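Inspection log for the structure reproduced underneath, given as structure tokens.
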There are 4 protein chains.
Amino acid sequence: MSVRRAQARQRRESLLDAALAVFADKGVDGASVKDIAAAAGVTPGLLYHYFPSKEGLLVTMLAERGFMPELRERLRVGHQRPAREVLVELATGFGRMLADRADLVRLFLSGAATDPRIREQLTALVAEGQHLLADYLATRVETGELRPHDTVTAAQMLLSAIVLGQVTDRVPDAAVLVELILHGLIASTSTTSQSPPARN
Amino acid sequence: MSVRRAQARQRRESLLDAALAVFADKGVDGASVKDIAAAAGVTPGLLYHYFPSKEGLLVTMLAERGFMPELRERLRVGHQRPAREVLVELATGFGRMLADRADLVRLFLSGAATDPRIREQLTALVAEGQHLLADYLATRVETGELRPHDTVTAAQMLLSAIVLGQVTDRVPDAAVLVELILHGLIASTSTTSQSPPARN
Amino acid sequence: MSVRRAQARQRRESLLDAALAVFADKGVDGASVKDIAAAAGVTPGLLYHYFPSKEGLLVTMLAERGFMPELRERLRVGHQRPAREVLVELATGFGRMLADRADLVRLFLSGAATDPRIREQLTALVAEGQHLLADYLATRVETGELRPHDTVTAAQMLLSAIVLGQVTDRVPDAAVLVELILHGLIASTSTTSQSPPARN
Amino acid sequence: MSVRRAQARQRRESLLDAALAVFADKGVDGASVKDIAAAAGVTPGLLYHYFPSKEGLLVTMLAERGFMPELRERLRVGHQRPAREVLVELATGFGRMLADRADLVRLFLSGAATDPRIREQLTALVAEGQHLLADYLATRVETGELRPHDTVTAAQMLLSAIVLGQVTDRVPDAAVLVELILHGLIASTSTTSQSPPARN
DNA sequence: CATGAATGAGATTTCATTCAT
DNA sequence: GATGAATGAAATCTCATTCAT
């Protein structure tokens, strides 16, 4: 009985993986149920035992294979550590994550135009990302490391540059990016002289 | 002779317009050739007199209705005017342009995932945009208004924030954005002289 | 389990039969997929479950309904029996076979002009036919019944006359044909003068 | 006025040539009017000034570009010359002609199955060819060079071998072919022993 | 659980022919 | 004569989904 369950879960996972791969590769509309089933090593009919429809498979896949979990993990940075360190780390890691999951990135891009569900997820994703990063920035403002500023917009700037850089194959250098950002964020005039903007 | 030609050109334009409208409305895959032809007041067959395929129509439409011309116009900013003024103006205008043509932005992004020709167009677009803006920044560096810096990355940051903001419906405030940017760019008081981390 | 399989095979056969009938009736281009499906009592879509395309159906049909098996059977003649008897029998039977399946002959010839796979099949068929007949002739040379000669060309002559005769509706008389052939092949010396069986 | 006429005739010829080439290349159904017009360097519309329809163009082309004239020329052999010489010459020349006009050969083959007009032409062609050759053979019978025999079937054998050889890329050697034929036709008795040209 | 045969609706594309210019 | 825009009909093929086995 438990074996059955395990097999079943396995199948489900296979299908989700296959769905991600094939959707990313051919786009949501371009991918046929047959393609996905084949990629998962099953027959089309079986897909309908695990998911109600192609649509349902897409939704579930987005929920279970989405960026959210990893994104949260990655942005749960130590709020006590200095900004430059944290931001460079984050920019690097975030960029790498996007590169690692190029599948999903492509899918989001191609799907955002067409599919309201994907669009929604993308928006939520961006919102959450900005929010988490902005929160961190706010704590650094409180410590006095950073000057008061519109942290959400600042977060947006950083993340946007990384995401779009990924998409257009013009990945910016993390250190440079952070350096540029920081010189608009650090709260002092003369402080700067104490910390000669290095570049990793 | 000329009348015929003119009418033909007209038809072609109609088809491109219809394509833009219908693609934007239903997505590339969701839009049928029949839909587009109907929107242009034409039989589906005629579409193939003017374009080789649905895909070809999409590519051509993006090329001819693309942002390039307007982008160039908009970035051909007065190189003598001060940065803050110019950048706010540009951020505002650029953002508005994208907003006005949100359809196109989405089609570009989604198409880029599928069609290499569209990806190429998009890449060229981004490159050109960054290049033009970076050039302007460089002249301001020369005048001493801005400190030496990696102008390309700076340009990318500004533009990315606007574009992605558009896509995710989180348009940043132009003034705020520029203010943030500038505080890393302005060749302010004494700091800069001490730390001239240039690249460009 | 087996029932399903059997039914599926049955369907496939139906489609092949229908293809042969309809192609023969209307020509390859004149026959629509719809026609063939209808003739098989099936919806057009199903055809693509069994065959990759109309063209693929044609190729497969020619391969599976082709002459090869029967040809081999027919040419596996008794190598011990005298030439005249064997050849007349063969010419008659071969001609009859072609006549019975005139449709197939025409499809082969016309398809060979278009599809390389069909051309290949046809070439193999011809080669095999010549080879088998030539082999038989060679054994008769060894027994001394026939004089040494280019057996392949001789085989080609006989078979060509029958095939082309079929295509152009000018089927030659088997006995006459063989008689003509033999009088160049028989190793005798003066026999010929004794039996001048003319016609015309 | 005469210039116009000349140009018009030129156009017509171009179209016929183009039709032959394109029909042969793609088959009658596979060739579109647009293809043919393009191959002739004109627009589809113009084709309808010179011919009533695609069908009409085909018929006219077959009539004006058919094998008949050349075939007749080639078979109008000197009836006084000895058989071996004439037949070898003829087999060689005929084979070469078919090779030179591979276009037409292919068209006849592919079209014979579908198009009754082409079928008809092919039949007529073969009939005429056999007739002409048979007539020659008959005169040689009268001179005593050849023994009495079914000259039509003999002619058919020779021509079939050449035609099918052409089609299946197994062109037989003209000399060998004629040698084989002759040894069934020559009215001699002991000749055979004098010239036992074997091959195999 | 799992298969894969079957369907029906619809999508893209082709094409011979006509005719205003 | 010559063009090429325009049409309408049809053809090939795809696909999500269902269901008997």
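In what follows, chains carry the letters A, B, and so on, assigned in the order in which the sequence lines appear, proteins first and then strands, with residues in each chain numbered from 1. Everything numeric in this text was worked out from a predicted model, so none of it was measured.
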Would you mind reading off the distance between [X] atom [atom1] and [N] atom [atom2], rounded to a whole angstrom?
{"X": "B:Phe51", "N": "F:dA6", "atom1": "CZ", "atom2": "C1'", "result": "15 Å"}
{"X": "C:Gln7", "N": "E:dA5", "atom1": "CD", "atom2": "C1'", "result": "9 Å"}
{"X": "D:Leu47", "N": "E:dC19", "atom1": "CG", "atom2": "P", "result": "17 Å"}
{"X": "A:Leu57", "N": "F:dT17", "atom1": "CG", "atom2": "C1'", "result": "14 Å"}
{"X": "D:Ile36", "N": "E:dT14", "atom1": "CD1", "atom2": "C1'", "result": "15 Å"}
{"X": "C:Arg4", "N": "E:dG4", "atom1": "CZ", "atom2": "C1'", "result": "5 Å"}
{"X": "B:Gln10", "N": "F:dG4", "atom1": "CD", "atom2": "C1'", "result": "17 Å"}
{"X": "B:Arg12", "N": "F:dG4", "atom1": "CZ", "atom2": "C1'", "result": "16 Å"}

Is a side-chain N or O of B:Lys26 found less than 3.5 angstrom from the main chain of B:Ser32, in a donor-acceptor match?
-> no
Heavy atoms only: give me the nearest C:Leu20-C:Met61 pair and the separation to one decimal.
-> CA-CE, 3.6 Å
What I'd like to find out is whether the side chain of [X] reaches to under 4.5 Å of the side chain of [Y], using heavy atoms alone.
{"X": "D:Arg101", "Y": "D:Arg106", "result": "no"}
{"X": "B:Phe23", "Y": "B:Ile36", "result": "yes"}
{"X": "A:Tyr50", "Y": "A:Leu16", "result": "no"}
{"X": "D:Met68", "Y": "D:Gln121", "result": "no"}
{"X": "A:His49", "Y": "A:Arg11", "result": "no"}

With distance as the sole criterion, do the side chain of D:Arg11 and the base of F:dG1 form a donor-acceptor contact below 3.5 Å?
-> no
Is any side-chain N or O of C:His49 under 3.5 Å from a base N or O of E:dA6, one able to act as donor and the other as acceptor?
-> no
Which parts of nucleotides 9-16 of chain F does protein reach within less than 4.0 Å, heavy atoms only, written one letter per nucleotide 5' to 3' as B for base, S for sugar-phosphate only and - for none?
-> --SSBBSS
Closest nucleotide among F:dA5, E:dT7, F:dT3 to the B:Tyr50 side chain = F:dA5
Strand DNA chain E in bracket notation, Watson-Crick/G-U under 3.5 Å with | for pairs to another chain | .||||||||||||||||||||
CG on B:Leu15 to CG on B:Leu46, rounded to 0.5 Å =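 If I round to the nearest 0.5 Å, the distance is 6.5 Å.
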In chain order, what residues pass the salt bridge (charged side-chain N to carboxylate O under 4.0 Å, His left out) check against A:Asp17, with sequence neighbours excluded?
-> A:Arg65
Judged by nearest nucleotide, the residue sitting upstream toward the 5' end of DNA chain E, A:Thr43 or C:Val42, is A:Thr43
